[in-house]
Amino acid sequence: MIYVAGVPFSPDESSQGTDTLIALMEHPDLVSASNSLKSTIEKKFSVSEDSNSVKSKISKSVYIFQKEFATVDPALVDLVGTDEATTCVGISIRNCRTGMISLAHMDFPNVVENGLSQMLSLITDRDSDTLLDVHLVGGFDDISSQHPNLAPKNRKKLEGYSYPLCTKIIETLRIRSEKFQIRTLHVLGQNTKFDTEGFACPIFHGFVVDTSDGSITPASFDRKSRCPDEIVRRIRVTASFEDPNWSHRLLDTYETNSDKFVIAPCTWTIRQKRIATTLQSLSDTEILLTCSSSPSAEAPDFVDNERRKWDYLIKHPDWRESFPSGQPRIFLRTADGNWVLPLQ
């Protein structure tokens, strides 16, 4: 069930996901929230010796990659965030009574139903009247460049990545029994700008949630702040598409109650090494066209991140080097808020 400004939102009982999405996109309160977000300065997170850096001021954070989710306790974590979203959508759900927050980086419609159940498993309680605050950021208007004059009601007839994902999220929230109060719906047209060549791209690629009050701020992270275990987690996202155990599910990487990352084992074979070797030989432009759902909208470090992932697979073709004895990689938080992999 969807609420806006404390009021149930039900434009029409026969409405489908796309109709509800379009109606929500036009809601004055949500339009105002998007406009307010656009005027907010994006926070840039980096691991730096500079005393003025965001990292130095906030010691306890959790970062999630594509297809991951994490549920955090505000007593243990200050910030939870994600970025690198183009056609993906970041969704934050907060229990207004307990303050518990779950954040996911959803990439395809087939993960939405189970993914939302995973997110809600640790933040819902027996009080069915508890409002769950929801923020959605990401997924730009990825068909605008090809069809600039298309009316919103006709967009559902076209293939794309962002619209089907946003539609599925809204439809799933609508039909579930929990009370979801949408605070931010900064997606699609609201999250779209055009570059100098006329290509559509996202205004924001990510955001961070302040666990003290559930507020969100547009955010971007550098390589060192996307931690821990950046490369292995990137590889696990790719490997999960071939693993039936993760079919239609989000990747669980963070243990809420113990405040630690537990990276479950994933396997890859010599086939992945061969594929990595082939992809590594491509030009930067060919990599964008081959590996991205939105080549003209990717961040500047997209190609470099792909190449570093392939380098790892080429140097470590046996997955057991990364997961000795098939055990997970467990990272503990240090006193200064960083992460460490203890000697096994």
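The first residue in the sequence is number 1, and the count goes up from there.
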Does the distance from a Lys or Arg side-chain N to an Asp or Glu carboxylate O, for Asp301 and Arg226, drop under 4.0 Å?
yes

With no hydrogens and no angle check, do the side chains of Thr87 and Ser294 hold a donor and an acceptor under 3.5 Å apart?
no

Spell out, yes or no, whether Leu116 and Leu21 are grouped together once hydrophobic residues are joined by side-chain heavy atoms under 4.5 Å, including indirect joins.
yes

Minimum-distance pair of heavy atoms, taken over all atoms of Pro228 and Phe331:
CB-CD2, 3.6 Å

Between the CG atom in Asn114 and the CE atom in Met119, the distance rounded to the nearest 0.5 Å is 13.0 Å

So that I can tick it off, tell me whether Asp318 and Arg320 are bridged by a salt bridge, with the cut-off set at under 4.0 angstrom between side-chain N and carboxylate O.
yes

Any side-chain heavy atom of Phe180 within less than 4.5 Å of one from Met1?
no

Joint cluster assignment, Leu341 & Trp339, ILVMFWY side-chain distance < 4.5 Å:
yes

With the side chain counted from C-beta on, respond yes when Leu188 and Met25 share a heavy-atom pair under 4.5 Å apart, and no when they do not.
yes

Minimal non-hydrogen separation, Cys291 against Trp310, with atom names:
SG-CZ2, 3.8 Å

I would like to know whether Val237 and Leu251 meet side-chain contact (heavy atoms from CB on, under 4.5 Å); could you show each step before the answer?
CA-CA 8 Å; Val237 171; Leu251 297 173; 4.0 Å; yes

Are Phe140 and Ile91 joined in one hydrophobic group, where the rule is that I, L, V, M, F, W and Y side chains link up if heavy atoms are under 4.5 Å apart?
no

Between the side chain of Ser121 and the main-chain N/O of Gln118, is any donor-acceptor distance below 3.5 Å?
yes

When you measure from the side chain of Ser240 to the backbone of Asp243, do you find a donor-acceptor pair of N or O atoms at a distance under 3.5 Å?
no

Think Arg236 forms a cation-pi with Trp246, using NZ or CZ under 6.0 Å from the six-ring centre and within 45 degrees of its axis?
yes

So that I can tick it off, tell me whether Glu84 and Arg234 are bridged by a salt bridge, with the cut-off set at under 4.0 angstrom between side-chain N and carboxylate O.
yes

Under a plain distance cut-off of 3.5 Å, with no hydrogens placed, do Gln280 and Thr277 share a side-chain donor-acceptor pair?
no

Give, for atom CG of Leu173 and atom CG of Leu136, the distance between the pair rounded to the nearest 0.5 Å.
7.0 Å

Working to the nearest 0.5 Å, report the span between CG of Leu30 and CG of Leu185.
6.0 Å

Pairwise side-chain contact, Pro342 with Ile330, heavy-atom cut-off 4.5 Å (strictly under):
no

Would you indicate whether the side-chain heavy atoms of Arg176 and Ser117 approach each other to under 4.5 Å?
yes

Taking side-chain contact (heavy atoms from CB on, under 4.5 Å) as the criterion, tell me which of Thr71, Asn95, Ile93 meets it with Leu120.
Ile93

Can you confirm whether Asp107 sits close enough to Leu165 that some side-chain heavy atom of one is under 4.5 Å from a side-chain heavy atom of the other?
no

Using a strict cut-off of less than 4.0 Å between a Lys/Arg side-chain nitrogen and an Asp/Glu carboxylate oxygen, indicate whether Glu306 and Lys309 qualify as a salt bridge.
yes

Is the number of heavy atoms from other residues, nucleotides or ligands under 6.0 Å of Asp213 CG greater than 12?
yes

According to a 4.5 Å side-chain heavy-atom criterion applied to Ile, Leu, Val, Met, Phe, Trp and Tyr, with indirect links allowed, do Tyr3 and Val187 form part of one hydrophobic cluster?
no

Got a salt bridge between Asp29 and Arg183, using NZ or NE/NH1/NH2 to carboxylate O under 4.0 Å?
no

If I take atom CZ from residue Phe221 and atom CG from residue Asp83, how far apart are they, to the nearest 0.5 angstrom?
6.0 Å

Judged by atom type as modelled, is there a donor-acceptor pair below 3.5 Å linking the side chain of Gln181 to the main-chain atoms of Gly6?
yes

Step by step, would you call Lys60 with Arg333 a side-chain contact (heavy atoms from CB on, under 4.5 Å)?
CA-CA 8 Å; Lys60 296 184 293 184; Arg333 195 188 293 277; 3.9 Å; yes

Under 3.5 Å, is there a donor on one side chain and an acceptor on the other for Thr20 and Glu171?
no

Thr184 side-chain N/O to His186 backbone N/O, donor-acceptor pair under 3.5 Å:
no

Same hydrophobic cluster for Leu103 and Leu76, using side-chain heavy-atom links shorter than 4.5 Å among ILVMFWY?
yes

Tell me, do Ile101 and Ile123 make a side-chain contact under 4.5 Å, heavy atoms counted?
no

Could you walk me through whether Leu24 and Ile2 pass side-chain contact (heavy atoms from CB on, under 4.5 Å), step by step?
CA-CA 10 Å; Leu24 284 168; Ile2 291 177; 4.1 Å; yes

Of all heavy-atom pairs between Asp195 and Cys201, which one has the smallest distance, and what is that distance?
N-SG, 4.4 Å

Which heavy-atom pair separates His105 from Ile64 by the least distance, and what is that distance?
N-CD1, 3.7 Å

Ion pair check, Asp304 and Arg308, cut-off under 4.0 Å
yes

Test side chain to side chain donor-acceptor pair (under 3.5 Å) on Thr124 and Glu178 and set out the steps.
CA-CA 8 Å; Thr124 54; Glu178 297 89 354; 5.4 Å; no

Heavy atoms of other groups near Ile270 CD1, more than 12 under 6.0 Å:
yes

For residues Phe45 and Val208, determine if any side-chain heavy atom of one lies less than 4.5 Å from a side-chain heavy atom of the other.
yes

Calculate, to the nearest 0.5 Å, the distance between atoms CZ and OG belonging to Phe302 and Ser292 respectively.
4.5 Å

When you look at Asp259 and Tyr254, which way does the side chain to side chain donor-acceptor pair (under 3.5 Å) test go after all the steps?
CA-CA 7 Å; Asp259 187 34; Tyr254 173 78; 2.7 Å; yes

Once the angle between the rings of Tyr312 and His316 is folded into 0 to 90°, is it parallel (under 30°), tilted (30 to 60°) or perpendicular (over 60°)?
tilted

Do the non-hydrogen side-chain atoms of Thr86 and Ser293 ever get within less than 4.5 Å of each other?
yes

Are Phe207 and His135 close enough that their ring centers fall under 6.0 Å?
no

For a side chain to side chain donor-acceptor pair (under 3.5 Å) check, start with the C-alpha distance between Gln272 and Glu242, then their side-chain angles and the critical distance, and finish with the verdict.
CA-CA 11 Å; Gln272 274 72 33; Glu242 298 182 1; 3.3 Å; yes

Please name the pair of heavy atoms, one in Ala297 and one in Pro202, separated by the smallest distance, quoted to 0.1 Å.
CB-CD, 3.7 Å

Using modelled atom types only, decide if a donor and an acceptor are shared between the side chain of Asp142 and the backbone of Ala200 within a distance under 3.5 Å.
no

Verdict with supporting geometry, Val209 and Arg94, side-chain contact (heavy atoms from CB on, under 4.5 Å):
CA-CA 10 Å; Val209 186; Arg94 178 178 183 262; 5.9 Å; no

Counting only heavy atoms not in Glu230, do more than 12 fall under 6.0 Å of its CD?
yes

Main-chain N/O of Asp141 paired to Thr192 side chain as donor or acceptor, under 3.5 Å:
yes

Which value, rounded to the nearest 0.5 Å, describes the distance between Ser296 atom OG and Phe199 atom CZ?
5.5 Å

Nearest heavy-atom neighbours spanning Cys227 and Tyr63:
O-CB, 3.9 Å

Tell me whether Lys224 at atom NZ has more than 12 heavy atoms from other residues, nucleotides or ligands lying less than 6.0 Å away.
no

Does the cation-pi check pass for Lys67 over Phe241, that is, NZ or CZ under 6.0 Å from the six-membered ring centre and within 45° of its axis?
yes

